[in-house]
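Below, each value reflects all heavy atoms present in this structure, side chains not excepted, and no hydrogens, waters or symmetry copies. Position 1 is the first residue of the sequence, and the numbers go up from there.
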Amino acid sequence: MLPSLVPLLLLSLAEASPGKRATTATAYCSNSNGTYKLSSIAAPVQGTSSPGSESTWKLNIDDTSSGYKQTIVGFGAAVTDATVASFNTLSNSTLQQLLNELMTSAGAGFALMRHTIGASDLSGDPAYTYDDNGNIADPSLSSFDLGDRGTAMATMLANMKSLQSSLKIFGSSWSPPGWMKLNGVIDGNATNNNLNDGYLTSGGTGSTGYASAFAQYFVKYIQAYANLGAHIDAITIQNEPLNSQAGYPTMYMFDYEAAQLIQNYVGPALAEAGLDTDIWAHDDNTNEPSYAQIVIDRASQYVDSVAWHCYATDVDWTVLTAFHETNPDVKQYMTECWTPASAAWNEAASFTMGPLQNWTSGVTAWTLGTDDEDGPHLSTGGCATCRGLVTIANGGYTFNPAYYMMAQFSKFMPPGAVVLNGTGSYTNSTGGVRSVASLNPDGTRAVVIQNTFSDDIYITLSTNSGQEWSGNIPSESVTTWVLPVV
């Protein structure tokens with residue numbers, strides 16, 4: 001028999017939200033072969049029942065407030081130029097239907113969206129920024145212009161915001177204008193692929209070059225998006241600062257350099273402009289936590305959150321728990337992990353659950369939407385197989401498996417939900433069981449259970465307040481139980 005699991009999911013009875021309360025549990029499932037897609041299935045029953053021949057797994061809930069962990073901000077994906085271009089091929093009515101399914105409780109209820117500031121690898125040719133100016137230096141940013149693609153991006157985000165009042169939007173820059181960089185280009189050259197800000201000179205950051213213009217670039221972008229109805233809640237000043245490649249927009253940024261730019265230039269510039277936009281550190285992989293720590297230590301006046309990606313070899317999400325233990329007041333987010341067609345059926349569930357178990361407040365996939373050729377994307381470099389959560393083709397759209405896996409969390413763990421302390425992940429050569437739970441603002445509890453075994457399993461969930469719930473979890477599935485208020 002497989003060993004039992006004993007996760008601790010904690011709920012304070014005294015603090016449960018008042019109002020109309022459901023008295024029965026419900027269950028929803030998405031599975032590997034697509035026969036379930038956020039489908040309602042047999043709910044757990046209160047008390048015990050017969051598991052038949054299924055292996056039994058025991059979960060325990062300790063209903064005390066001492067188990068409260070991080071508060072959920074939201075789930076979603078990256079809105080890239082590929083997303084906007086493909087979505088805008090749809091008719092107005094079809095687009096609105098799609099956005100309703102993405103953003104409202106009728107569908108996934110996504111409430112956290114990343115977006116690209118200028119071009120990324122998921123942009124059509126040519127690469128661009130908001131102040132290219134023929135690659136002639138423009139330190140006053142007098143030629144700043146969102147252009148057609150930036151305007152379309154802001155308009156799409158504003159439309160999303162109109163459907164989801166809780167939506168938080170954060171922007172990430174792949175590269176500043178080429179004239180701000182030592183190599184003078186957005187992409188095509190990884191040599192001297194650094195900001196021309198004086199950091200690599202004896203004078204240090206700001207002694208020469210464009211540190212001030214770099215900061216004002218973010219101010220102008222945030223203001224321009226706000227004018228189009230897209231409030232930017234946060235930024236990361238450089239996507240993957242430790243990744244310098246020639247094939248698509250990138251820029252290398254040292255840890256101390258990032259801290260100095262934020263503390264002395266970007267942070268003060270946003271404050272002086274009266275902007276409430278937050279700045280998140282790192283936006284890179286979990287194998288370099290020292291980068292995030294240096295930025296937090298040296299720019300804490302302006303930085304209170306860290307963004308992580310999933311691309312480290314043998315990614316270890318417990319790095320985030322270790323980081324939390326050192327920095328208990330710092331929020332953490334998983335801001336990028338791709339969802340190619342070649343990925344395992346549970347890829348998106350895994351890169352959502354792992355971070356949630358380790359103190360993240362939100363998760364965004366790479367990317368929200370693409371066409372049926374996983375684009376548009378740059379013709380050289382970057383990702384040519386980054387399929388969106390949604391594929392757009394022939395005037396319609398298809399939700400891919402990663403969409404349903406993420407929606408198993410986002411639909412049932414809304415903004416304001418509190419992740420609950422738990423243990424119990426277990427895997428062997430034939431599969432595994434993982435779980436995470438939340439206390440929702442309405443007092444219900446959501447328990448997300450991932451079963452990667454090829455057979456159904458039976459879960460018995462007991463609570464220290466005297467309840468017991470039991471039920472079936474289908475094979476190769478992610479199932480969400482929504483339990484009523486105690």
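Evaluation of the salt bridge (Lys or Arg N to Asp or Glu O under 4.0 Å) test over residues 346-361, restricted to residues two or more places apart or in two chains, returns none. Residue pairs meeting the salt bridge (Lys or Arg N to Asp or Glu O under 4.0 Å) criterion with at least one partner in residues 323-332, sequence neighbours excluded, do not occur; the list is empty.
Side chain of Gln164 to main chain of Met103: a donor-acceptor pair is present (N/O by atom type, distance under 3.5 Å, no hydrogens or angles). A donor-acceptor pair is defined here as one N or O able to donate and one able to accept, closer than 3.5 Å; no such pair exists between the side chain of Gln450 and the backbone of Val433. Between the Thr367 side chain and the Ala78 main chain, a donor and an acceptor come within less than 3.5 Å of each other. The closest donor-acceptor contact from the side chain of Thr80 to the backbone of Thr83 lies under 3.5 Å. Remark: side-chain polar atoms of Ser438 are not paired, donor with acceptor, to backbone N or O of Asn440 under 3.5 angstrom. For Asp374 (side chain) and Thr370 (main-chain N/O), no donor-acceptor pair under 3.5 Å exists by modelled atom type. Not one N or O on the side chain of Thr364 forms a donor-acceptor pair closer than 3.5 Å with the backbone of Ala77. With Thr360 contributing its side chain and Pro355 its backbone, the two residues share a donor-acceptor pair below 3.5 Å. A distance-only check finds no donor-acceptor pair linking the side chain of Asp81 to the backbone of Leu122 [under 3.5 Å]. No donor-acceptor pair under 3.5 Å is formed between the side chain of Asn400 and the backbone N or O of Ala402.
For Tyr458, the ring-ring contact (aromatic ring centres under 6.0 Å, His included) criterion is met by no residue, not counting sequence neighbours. In this structure, the ring-ring contact (aromatic ring centres under 6.0 Å, His included) partners of Phe254, at least two apart in sequence or on a different chain, are Tyr199, Tyr252. With sequence neighbours excluded, the residues satisfying salt bridge (charged side-chain N to carboxylate O under 4.0 Å, His left out) with Asp283 are Arg114. In this structure, the side-chain contact (heavy atoms from CB on, under 4.5 Å) partners of Asn472, at least two apart in sequence or on a different chain, are Glu54, Asp456, Pro474.
Atom-to-atom distance recorded for Ile296:CD1 and Ser305:OG is 7.5 Å, nearest 0.5 angstrom. Annotation: the span from Ile232 atom CD1 to Ile169 atom CD1 amounts to 5.5 Å, rounded to 0.5 Å. Distance check: Trp359 CH2 to Lys69 NZ gives 5.5 Å after rounding to the nearest 0.5 Å. To the nearest 0.5 angstrom, Leu95 atom CG is 9.0 Å from Thr89 atom OG1. Here the CE atom belonging to Met334 is positioned 10.5 Å from the OG1 atom belonging to Thr286, to the nearest 0.5 angstrom. Once rounded to the nearest 0.5 Å, the distance linking CG of Asn100 with OG of Ser105 reads 10.0 Å.
Side-chain contact annotation: Ser172 with Thr236, donor-acceptor N/O pair under 3.5 Å present. The closest side-chain donor-acceptor pair between Tyr311 and Glu240, if any, does not fall under 3.5 angstrom. Donor-acceptor pairing under 3.5 Å is lacking for the side chains of Gln357 and Trp317. Judged purely by distance below 3.5 Å, without hydrogens or angles, the side chains of Thr35 and Asn31 pair a donor atom with an acceptor atom. For the residue pair Asp371 and Ser86, no side-chain donor N or O sits within less than 3.5 Å of a side-chain acceptor on the partner. Checked by atom type, the side-chain pair Gln70/Ser361 shows no donor-acceptor distance below 3.5 Å. Judged by distance alone, the side chains of Ser477 and Asn451 never bring a donor and an acceptor atom under 3.5 Å apart. Looking only at atom types and distance, the side chain of Gln245 has no donor-acceptor partner in the side chain of Thr250 under 3.5 Å away. Between the side chains of Thr94 and Ser91, at least one donor-acceptor pair of N or O atoms lies under 3.5 Å. Looking at His324 and Gln332, their side chains never bring a donor and an acceptor atom within 3.5 Å of each other. A donor-acceptor contact closer than 3.5 angstrom is absent between the side chains of Thr398 and Thr391.
Under the side-chain contact (heavy atoms from CB on, under 4.5 Å) rule, Phe170 has a single partner from Ile235, Val73, Leu112, which is Leu112.
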side-chain contact (heavy atoms from CB on, under 4.5 Å) evaluation trace for Asn88 with Met156 = CA-CA 9 Å; Asn88 280 338; Met156 185 67 68; 3.3 Å; yes
Criterion side-chain contact (heavy atoms from CB on, under 4.5 Å) on Gln263 and Val295, from CA distance to verdict = CA-CA 9 Å; Gln263 182 66 22; Val295 175; over 6 Å; no
For the pair Asn346 and Glu476, evaluate side-chain contact (heavy atoms from CB on, under 4.5 Å) and give the outcome as yes or no after the intermediate values.
-> CA-CA 8 Å; Asn346 61 323; Glu476 294 189 350; over 6 Å; no
Could you give me the CA-CA distance, side-chain angles and deciding distance for Trp481 and Tyr28, then say whether ring pair (Phe, Tyr, Trp, His ring centres under 6.0 Å) is met?
-> CA-CA 7 Å; Trp481 287 358; Tyr28 302 87; over 10 Å; no
Audit row: Val478, Val448, side-chain contact (heavy atoms from CB on, under 4.5 Å) steps and yes/no | CA-CA 7 Å; Val478 176; Val448 184; 3.6 Å; yes
Check against ring pair (Phe, Tyr, Trp, His ring centres under 6.0 Å), Phe453 and Trp57 | CA-CA 12 Å; Phe453 291 112; Trp57 299 76; 5.8 Å; yes
Test log, rule ring pair (Phe, Tyr, Trp, His ring centres under 6.0 Å), inputs Tyr248 and His377 | CA-CA 10 Å; Tyr248 64 100; His377 53 74; over 10 Å; no
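Around the CD atom of Gln96, the shell of radius 6.0 Å holds more than 12 heavy atoms that belong to other residues, nucleotides or ligands. Within a 6.0 Å sphere centred on CG of Asn33, heavy atoms belonging to other residues, nucleotides or ligands number more than 12. Counting heavy-atom neighbours within 6.0 Å of Tyr36 OH, excluding the residue itself, gives a total of 12 or less.
The aromatic rings of Phe409 and Phe75 sit tilted, their planes meeting at an angle between 30° and 60°. Note: Trp366 and Trp174 have parallel aromatic rings, judged against thresholds of 30 and 60 degrees for the angle between ring planes.
Scanning both residues, Lys411 and Gly107, for their nearest heavy atoms gives NZ-O, 3.0 Å. Across all non-hydrogen atoms, the minimal contact from Leu483 to Leu461 is CD1-CD2, 3.3 Å. For the pair Val306 and Ala292, the tightest heavy-atom approach, listed with the atom from each and the gap, is CG1-CB, 3.7 Å. What you find for Leu157 and Ala230 is that their closest heavy atoms are CB-CB, 4.0 Å. Among all heavy-atom pairs drawn from Phe351 and Met406, the shortest one is CE1-SD, 4.2 Å. Nearest heavy atom pair, residue Tyr403 against residue Glu101, reads OH-O, 3.5 Å.
Side chains of Pro44 and Glu468 form no contact here, defined as non-hydrogen atoms less than 4.5 Å apart.
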